[in-house]
Asks: 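Here's a structure for you.
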4 protein chains.
Amino acid sequence: MIERPQEEQLRQVPQQARSQKRFNQILDAAAEVFAEVGYEAATTNAIAARASTSIGGLYRFFPNKLAIFHALAARYLEQVKELFTAFQVSEAAQLPLDSYISQVLDAFDQFVTATPGYRVVFVQSRFVSPDVLAMDADLNRQIAQQLETFFALRNPNLEPAQQALIATVCVEVASVLEILSLTRDQAFQKRVLAETKNLLIGYLQQYFPDQLSNPTKG
Amino acid sequence: MIERPQEEQLRQVPQQARSQKRFNQILDAAAEVFAEVGYEAATTNAIAARASTSIGGLYRFFPNKLAIFHALAARYLEQVKELFTAFQVSEAAQLPLDSYISQVLDAFDQFVTATPGYRVVFVQSRFVSPDVLAMDADLNRQIAQQLETFFALRNPNLEPAQQALIATVCVEVASVLEILSLTRDQAFQKRVLAETKNLLIGYLQQYFPDQLSNPTKG
Amino acid sequence: MIERPQEEQLRQVPQQARSQKRFNQILDAAAEVFAEVGYEAATTNAIAARASTSIGGLYRFFPNKLAIFHALAARYLEQVKELFTAFQVSEAAQLPLDSYISQVLDAFDQFVTATPGYRVVFVQSRFVSPDVLAMDADLNRQIAQQLETFFALRNPNLEPAQQALIATVCVEVASVLEILSLTRDQAFQKRVLAETKNLLIGYLQQYFPDQLSNPTKG
Amino acid sequence: MIERPQEEQLRQVPQQARSQKRFNQILDAAAEVFAEVGYEAATTNAIAARASTSIGGLYRFFPNKLAIFHALAARYLEQVKELFTAFQVSEAAQLPLDSYISQVLDAFDQFVTATPGYRVVFVQSRFVSPDVLAMDADLNRQIAQQLETFFALRNPNLEPAQQALIATVCVEVASVLEILSLTRDQAFQKRVLAETKNLLIGYLQQYFPDQLSNPTKG
DNA sequence: TATGAATGAGACTTCATTCAT
DNA sequence: GATGAATGAAGTCTCATTCAT
């Protein structure tokens, strides 16, 4: 039940193209299986089978089940980071706050919708078991750090601690509402997305005044 | 892996004071164990031991592990419902929106802080495994329904669907931020609570204009 | 799993009328439960409940589950013995062999049909588990002994060993075919009963020649 | 207590010679254990141990305890069927009825004597518990069907229903007496076997007259 | 004497992980 | 390197039996 910390590392960072492919096959399979039955109920045999690998093959890359989860989380984290980075480098960064938020949330929504495994990993990583909970870092925290950079640019007067807090709140809220949105049909998803925008714009305009495209909502 | 729905019922609703006590002992123990290791990793033996009962004693009340979780959830649900009901009956219901929200969130924060098991149950109930997911109802949804009543009184023009959505968003957001607040020290908890108030007041004033005590924040 | 032999005894032979009634209630209940689910799957709690007694009450009479089975078997044995005794004392004993056999088998068939518990006890007593198998005696054996007396009267020339063997064969065959007859509908039951008569008459006339009412069958 | 019917299938039909061997080891072990303590009292751990396998190894082939019993029954059924088939194809089929019966019963006796597991399976399959009772088919019934073919050849005038009944009676009677014969020493076994022949020849000559080698017994 | 809550050994079964081939 | 059969610790749950009330 308690795993030796070192063991969460990968056993072998795949170098060869062939290995790399196999590695990703396993991760894809794991995402599917985790999504379908949850982390605990997922079996390593099921993951290996879904990845068309042998169970022994799976254990060549991952020392144990938790390591698979970690690797999956790391992969998604990379993708989400890229998502946010892309925004800050793009011209979108120059938009009024509400437009910017709207676009970011749209992009996030599309990413999550298109990436079913994300949901499992980012949700379960926080709530399931201490093993999983003890994951290297709070993944959302890392995403929040990217937001901080953005906030710092928009309002240099904010204290760093306050920046961090606001960013964290935004990420938590956006995550949980995104997850909520996925619990029902597509119409519901759209409406929740709209509410999320409302919520965050209302919240952030307190800290970034005079950055809205339309001065008053009403 | 899949449990027959009927079986989630209690085996015996305890009537006698003695039984009632034992029943609650088990539920308290379960709350602790679930909180410590999560639903899946929690063992019925561990729960029985923590409750100072034999494993057989536990199964006199609960037909299986999931039933324990359900009973625990039901107990908390009752408590949270009472919390909200108390507010709507009290004079607080006459307060300006922001004061009202502030008081409700304070009360909720105190409840959650004083009720460690709440976190596990209300969070895990939505995210853990299909078994748990299949719980009779989305517990947060039930809390949200109480909010709807309140909203209907404050603004009769809102469509029911919109009321439901807003209530759900509020509950989700308040829950996740409450949980976030508990991940660090008490100072952090306070700051997150303040942000939560900010966030929700900013959000709700869109739907309930002219109900604030202080017209403008700045 | 291994029961101390002494323990199969009754804990208390009920003397009082009240006790006697309770004792029989339990035995009746046991017969039903054994018949429905088999010896192994029958629970002492189920038997007590069916007998409208408490589990503690049951254990006042019977030291363990096997003792219940034994007592039940003993009760049926008594009844079957009476059945056969009645026949030998009656005028039926003077009938030609084939008429006699026919009447005995009819009576036995009626008894078994009217006594569902008999089936379980007499069947399971031979086949289930060593515990049960080790029952004081082969119950069928005791019934066979009654037949021997009859055979001795009809043909004093038969060796005792041969008498015993023939009697045993008759009882075994009658039992198994009676049981077979109960596996389908009433029409089947009748046809099997007729075949049983055929079978046993054909068999016994070898040992008791010139005792038939109708010299040739064809 | 109630097992899903689908689950009685094997988990994996062993193909490789190695697997095949392990599979049979387990079945042999199961036959021994079932014979010793009965189906219900037999534990999967005991079977695995007797087969010199780990419990996990056992469950690679069989999804549950009942499946082991089924597989064992299937194996014996195949063997008994072959036994009967061999007789009908051989020249023995041309023998007078009494010689034929005698030879078949001798062969059956040798088979059962040499196959201790047969007793448990074929006896318990009908009588033990509803789980076991629900076995795909009444195994004796399947054996009886082979006899029907034979009867049809010997006496084409018999109605099919009557053929089936006679065949069933023969199989039941032969089975139960075979089992009886095994309860005591070898001398007893011989004597019971002789009686079984007597019994069945006397019975069958009613339906297949003029097929005996020696017209009168005395 | 009667009750039935409590006990706990032990059954079945799963699945992460290893290692001989 | 790859495979997948094998292992066995550990989990859930049952039920015969006891004994405090």
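Every chain is numbered from 1 and lettered A, B, ... according to where its sequence line falls, protein lines coming before strand lines.
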Asks: Counting any heavy atom closer than 4.0 Å, what does C/A49 reach on the DNA or RNA strands: base, sugar-phosphate only, or nothing?
Replies: nothing

Asks: Rounded to the nearest 0.5 Å, what separates atom CD1 in C/I68 from atom NZ in C/K65?
Replies: 8.5 Å

Asks: Are any non-hydrogen side-chain atoms of A/L27 and A/F61 less than 4.5 angstrom apart?
Replies: no

Asks: Say you draw a straight line from CD of B/E40 to CD of A/E40; how long is it, rounded to the nearest 0.5 Å?
Replies: 5.0 Å

Asks: With rounding to the nearest 0.5 Å, note down the distance linking CG in C/L58 to CD1 in C/I26.
Replies: 4.5 Å

Asks: With a 4.5 Å cut-off on side-chain heavy atoms, are B/L66 and B/Y39 touching?
Replies: yes

Asks: Just call it for C/A46: base, sugar-phosphate, or nothing, with non-hydrogen atoms closer than 4.0 Å on any strand.
Replies: nothing

Asks: With rounding to the nearest 0.5 angstrom, report the CG to CG distance, D/N24 to D/L72.
Replies: 10.0 Å

Asks: Mark up nucleotides 2-9 of chain F, 5' to 3', with B wherever a protein heavy atom is under 4.0 angstrom from a base atom, S wherever such an atom reaches only the sugar-phosphate, and - elsewhere.
Replies: SBBBBBBB

Asks: Where the side chain of B/R11 is concerned, which of F/dT14, F/dT12, F/dT17 is the nearest nucleotide?
Replies: F/dT14

Asks: Find the distance between CD (A/Q25) and CZ (A/R22) and round it off to the nearest 0.5 Å.
Replies: 5.5 Å

Asks: Does D/T44 make a side-chain N or O approach to OP1 or OP2 of E/dC12 shorter than 4.0 Å?
Replies: yes

Asks: Check the distance between E/dG10's C1' and D/E40's CD and give it to me in whole angstrom.
Replies: 15 Å

Asks: Taking 4.0 Å as the cut-off, does a side-chain nitrogen or oxygen of C/Y59 come that near to OP1 or OP2 on F/dT17?
Replies: yes

Asks: Looking at OH of C/Y118 and CZ of C/R75, how far apart are the two atoms once the value is rounded to the nearest 0.5 Å?
Replies: 14.0 Å

Asks: Counting Watson-Crick and G-U wobble pairs whose two distances are both under 3.5 Å, find the runs of 3 or more in a row that involve DNA chain F.
Replies: E:2-21 with F:2-21

